Amino acid sequence: MEIELSDALDELLELQEATDEAQAELTRLQAELGDSAQWTDEQHVTWRDAWEDAREPWWLLDTALDQYAEALGLNRDELESTVQKAAGHVPPPNED
């Protein structure tokens, strides 16, 4: 079965959205918890658990990007850039 670029992009976009949601949750939790130097043991556990939960979508996206780039004969970085643009990410300005 041959992989179609549009199918790959659909799946990669879903994974990017899950990654974005995980990052947003970590950002929200960081704001809620405040300065990590002041955290209780319970807050450290909460953060660690959230971090562990966020790692899965990051890993899934990273792995899928590698696999699809290889299967489709595409440059991995270019494929990732395409997915990020489709997800509404604004690329950082070039620092020349």
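The first residue of the sequence shown is numbered 1, and numbering continues consecutively from there. The model shown is predicted, which means the values in this text are computed figures rather than measured ones.
The line from CG of Leu79 to CD of Gln84 is 10.0 Å long, rounded to the nearest 0.5 Å. The distance from the CZ atom of Arg28 to the CG atom of Leu33 is 8.0 Å, given to the nearest 0.5 Å. Distance check: Asp53 CG to Arg48 CZ gives 10.5 Å after rounding to the nearest 0.5 Å. Interatomic distance, NE2 of His89 versus OG of Ser81, reported as 11.0 Å (0.5 Å rounding).
Residues forming a ring pair (Phe, Tyr, Trp, His ring centres under 6.0 Å) with Trp59 (at least two apart in sequence, or on another chain): none. Every side-chain hydrogen bond (donor to acceptor under 3.5 Å, both in side chains) that Glu52 has, sequence neighbours left out, goes to Arg55.
Both Leu72 and Leu15 sit in one connected hydrophobic cluster of ILVMFWY residues. Membership requires side-chain heavy atoms under 4.5 Å apart, directly or through other members. Hydrophobic clustering keeps Leu13 apart from Leu60 (ILVMFWY residues linked when any side-chain heavy atoms are closer than 4.5 Å, directly or through intermediates).
Using cut-offs of 30° and 60° for the angle between ring planes, the Trp47 and Trp39 rings count as tilted.
A donor-acceptor contact shorter than 3.5 Å is absent between the side chain of Glu14 and the backbone of Glu11. For Gln30 (side chain) and Gly34 (main-chain N/O), a donor-acceptor pair under 3.5 Å exists by modelled atom type. Formation of a donor-acceptor pair under 3.5 Å by the Asn75 side chain with backbone atoms of Glu78 is found in this model. In this structure, Thr27 contributes its side chain and Gln23 its backbone to a donor-acceptor pair below 3.5 Å.
Counting all heavy atoms, side chain and backbone alike, Gln16 lies closest to Leu61 at OE1-CD2, 3.2 Å.
Residue-environment remark: CG (Asp41) stays at or below the threshold of 12 foreign heavy atoms within 6.0 Å. Residue Glu25 qualifies as enclosed at atom CD: its count of foreign heavy atoms under 6.0 Å is above 12. Sparse packing is recorded around CD of Glu42, with 12 or fewer heavy atoms of other residues, nucleotides or ligands lying under 6.0 Å away. With a 6.0 Å radius and a threshold of 12 heavy atoms from other residues, nucleotides or ligands, Trp58 has its CH2 atom above the threshold.
Residues Arg76 and Asp62 meet the side-chain proximity criterion, which asks for heavy atoms closer than 4.5 Å. Proximity of Leu5 to Leu74: side-chain heavy atoms (C-beta onward) are separated by under 4.5 Å at one or more points. Thr40 places none of its side-chain heavy atoms less than 4.5 Å from the side chain of Val45.
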